*Asks:* 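Provided herewith is a single structure, encoded as structure tokens, for subsequent inquiry.
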Amino acid sequence: MFRGFYTVASGMLAQQRRTEMLTNNMANINTPGYKADQSSVRAFPEMLIQKMESPDVPGNSVATTMTPVGRLNTGVYIQDITPNFKQGDLTQTSLNTDLALNHITMPLNQNGVQGSVFFTVQNPDGGVQYTRNGNFTIDGAGFLTAATGQYVLDTYGNPIALVNDSFTVTEDGWVQQNGQNVARLGIAYAENPNLLTKTSTGLYQMDGGALPSAYANNQVAFSVKQGYIERSNVDAAETMTNMLTAYRSFEANQKVLQAYDRSMDKAVNEIGKL
């Protein structure tokens, strides 16, 4: 009886976590460059139930026999949550500081995963982080900064300093001002973006190292679009449908849990009196 409690509870916890993930996706539907999270639900490994039988007294050196009883499914859990790195639609803003990365050719790795490119920004704790949110601005010191306030980096890992917001960015990443090349945007390439870790600020980082430059890979083709931002790739209709499905699954597990509770109540308060 109690095993049923655990199985139902695991299903409720999994659907609760899935609902929280989908709600977060909906909350970021208007966040530029946001990549929708997606979950994979997996069943816990089945347990083989066996009954121990022995005519001998405890402690006897004679080996006991094991009689198979059957299998027990121990519920489900959210195995992992990974972003969907599919490119979002580009929206024109006509602001010089807004930049978007447009995929042209992104090769597949040996596992069939499509690569992706990212802007590089300075990590306050050292190193670099990555983002697809090109909603940039220029701070009071004249540096190009991300929406989180972090410096946007060039190919050498240095902040990009500008005199004012009158600058142009070529499709191959060169930042030009007064007809001169000031710097080249640092664009990183992830062969398998699923290996990136999402931080609390929505940026990504590579544990144990840094991503290589996208310019050095001849198989990667992309363009930088000035005056555009990449929209979130959250599908509102699909997300709402998944939220309703998760809610109904949670509700169904809840009703099963209530049925177990009523059965236990009868077992304790009625059958126990006999």
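Predicted model only: the values in this text are computed from it and were never measured. Side chains included, hydrogens not; waters and symmetry mates left out as well; all remaining heavy atoms used.
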*Asks:* Minimum heavy-atom separation for A161 and V182, please, with both atom names.
*Replies:*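 Scanning both residues, the minimum pair turns out to be O-CG1, 3.5 Å.
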*Asks:* Is the number of heavy atoms from other residues, nucleotides or ligands within 6.0 Å of NZ (K198) greater than 12?
*Replies:*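 Counting other residues, nucleotides and ligands, NZ of K198 exceeds 12 neighbours.
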*Asks:* Have a look at K35 and tell me which of N233, N84, V234 forms a side-chain contact (heavy atoms from CB on, under 4.5 Å) with it.
*Replies:*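 The side-chain contact (heavy atoms from CB on, under 4.5 Å) with K35 is passed solely by N233 among N233, N84, V234.
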*Asks:* If every non-hydrogen atom of N96 is compared with every non-hydrogen atom of Q226, which pair is closest and at what distance?
*Replies:*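 Of all heavy-atom pairs spanning N96 and Q226, the closest is O-NE2, 3.0 Å.
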*Asks:* Tell me if a side-chain donor or acceptor on T199 pairs with a main-chain N or O of L203 at a distance below 3.5 Å.
*Replies:*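 Checking the backbone N and O of L203 against the side chain of T199, a donor-acceptor pair under 3.5 Å is found.
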*Asks:* For P193 versus G115, what's the shortest heavy-atom pair and its separation?
*Replies:*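 Looking at all heavy atoms of both residues, the closest pair is CD-CA, 4.1 Å.
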*Asks:* Closer than 3.5 angstrom, by distance alone: can the side chain of N253 be matched with the main-chain N or O of S249 as a donor-acceptor pair?
*Replies:*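 Checking the backbone N and O of S249 against the side chain of N253, a donor-acceptor pair under 3.5 Å is found.
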*Asks:* Looking only at side chains, do Q87 and N102 share a donor and an acceptor under 3.5 Å apart?
*Replies:*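 Side chains of Q87 and N102: pair found under 3.5 Å.
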*Asks:* For A147 and N133, work out which heavy atoms get closest and say how close.
*Replies:*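 Residues A147 and N133, closest heavy atoms: CB-ND2, 4.1 Å.
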*Asks:* Is there a continuous path of hydrophobic side-chain contacts, each under 4.5 Å between heavy atoms, that joins V128 to L195?
*Replies:*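 In one cluster with V128: L195, yes.
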*Asks:* Determine yes or no for a side-chain-to-main-chain donor-acceptor pair under 3.5 angstrom, with N178 supplying the side chain and Q180 the backbone.
*Replies:*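 No, because the side chain of N178 does not come within donor-acceptor range (under 3.5 Å) of the backbone of Q180.
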*Asks:* Quick check: is M21 connected to I78 through a chain of hydrophobic side chains (ILVMFWY, heavy atoms under 4.5 Å apart)?
*Replies:*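 I78 and M21: one cluster.
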*Asks:* Report yes or no: do V175 and L144 belong to one cluster of Ile/Leu/Val/Met/Phe/Trp/Tyr joined by side chain heavy-atom distances under 4.5 Å?
*Replies:*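 As far as the 4.5 Å side-chain criterion goes, L144 and V175 are connected within one cluster.
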*Asks:* Is a side-chain N or O of R132 found less than 3.5 angstrom from the main chain of V117, in a donor-acceptor match?
*Replies:*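 The answer is yes, because a donor-acceptor pair under 3.5 Å joins these two groups.
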*Asks:* For residues L185 and L162: do they belong to one hydrophobic cluster (side chain heavy atoms under 4.5 Å, members Ile, Leu, Val, Met, Phe, Trp, Tyr)?
*Replies:*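 Same cluster: L185 reaches L162 through Ile, Leu, Val, Met, Phe, Trp or Tyr contacts under 4.5 Å.
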*Asks:* Judged by atom type as modelled, is there a donor-acceptor pair below 3.5 Å linking the side chain of N181 to the main-chain atoms of A183?
*Replies:*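 Absent.
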*Asks:* When rounded to the nearest 0.5 angstrom, what is the spacing between CG in D207 and CG in L196?
*Replies:*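 Separation between the atoms: 9.0 Å.
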*Asks:* For F119 together with F136, are the ring centres under 6.0 Å from each other?
*Replies:*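 Close enough - the centres of the two rings lie under 6.0 Å apart.
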*Asks:* Has Q150 got a side-chain atom pairing as donor or acceptor with Q122's backbone, closer than 3.5 angstrom?
*Replies:*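 Judged by distance alone, yes, a pair lies under 3.5 Å.
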*Asks:* Output yes when a side-chain donor or acceptor of S39 lies under 3.5 Å from a complementary backbone atom of I81, and no otherwise.
*Replies:*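 Side chain of S39 to backbone of I81, a donor-acceptor pair under 3.5 Å: no, none is there.
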*Asks:* On a heavy-atom basis, which atom in T239 and which in L22 lie closest, and how many Å separate them?
*Replies:*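 That would be CG2-O, 3.6 Å.
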*Asks:* Would you find a donor on one side and an acceptor on the other, under 3.5 Å apart, between the side chain of Y130 and the backbone of L211?
*Replies:*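 Answer holds: yes.
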*Asks:* Taking the side chain as C-beta and beyond, is there a heavy-atom pair between Q15 and E251 under 4.5 Å?
*Replies:*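 They are not in side-chain contact.
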*Asks:* Kindly confirm or rule out a cation-pi arrangement of R184 over Y215, judged by NZ or CZ under 6.0 Å from the six-membered ring centre and within 45° of its axis?
*Replies:*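 Verdict for Y215: a cation-pi partner in R184.
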*Asks:* Does D98 reach the main-chain N or O of I229 with its side chain, forming a donor-acceptor pair under 3.5 Å?
*Replies:*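 Not at all, since once roles are kept as given, no pair shorter than 3.5 Å links the two residues.
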*Asks:* To the nearest 0.5 angstrom, please state how far the CZ atom of F250 sits from the CG atom of L13.
*Replies:*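 Reported to 0.5 Å precision, the distance equals 8.0 Å.
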*Asks:* Got E230 and Y34 here, is their nearest side-chain heavy-atom distance under 4.5 Å?
*Replies:*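 They are not in contact (no side-chain heavy atoms under 4.5 Å apart), so the answer is no.
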*Asks:* Counting N and O atoms only, with roles assigned by atom type, does the side chain of D154 sit under 3.5 Å from a partner on the main chain of G157, one being a donor and the other an acceptor?
*Replies:*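 It does hold such a pair.
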*Asks:* Aromatic rings F85 and Y204: how do their planes relate, parallel, tilted or perpendicular, breaks at 30° and 60°?
*Replies:*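 F85 vs Y204 ring planes: tilted.
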*Asks:* Are the side chains of D172 and S223 in touch, meaning some heavy atoms are under 4.5 Å apart?
*Replies:*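 When only atoms from C-beta onward are counted, S223 and D172 do not touch, as no gap falls below 4.5 Å.
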*Asks:* Quick check: closest heavy atoms across G11 and V76, and the distance to 0.1 Å?
*Replies:*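 In this case the closest contact between G11 and V76 is CA-CG2, 3.8 Å.
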*Asks:* Are F118 and Y228 grouped together when hydrophobic residues (ILVMFWY) are joined by side-chain heavy atoms under 4.5 angstrom apart?
*Replies:*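 No: no chain of side-chain contacts under 4.5 Å links F118 to Y228.
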*Asks:* Does a side-chain heavy-atom distance below 4.5 Å link V224 with T170?
*Replies:*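 A side-chain contact under 4.5 Å is absent here.
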*Asks:* Go through the side-chain N and O atoms of S40 and D80 and say whether any donor and acceptor fall under 3.5 Å apart.
*Replies:*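 There is such a pair (donor and acceptor under 3.5 Å, judged by atom type) between the side chains of S40 and D80.
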*Asks:* First locate atom CZ of R18, then atom CD of Q38, and finally report the distance between them rounded to the nearest 0.5 Å.
*Replies:*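 Interatomic distance, R18 CZ to Q38 CD, rounded to 0.5 Å: 11.0 Å.
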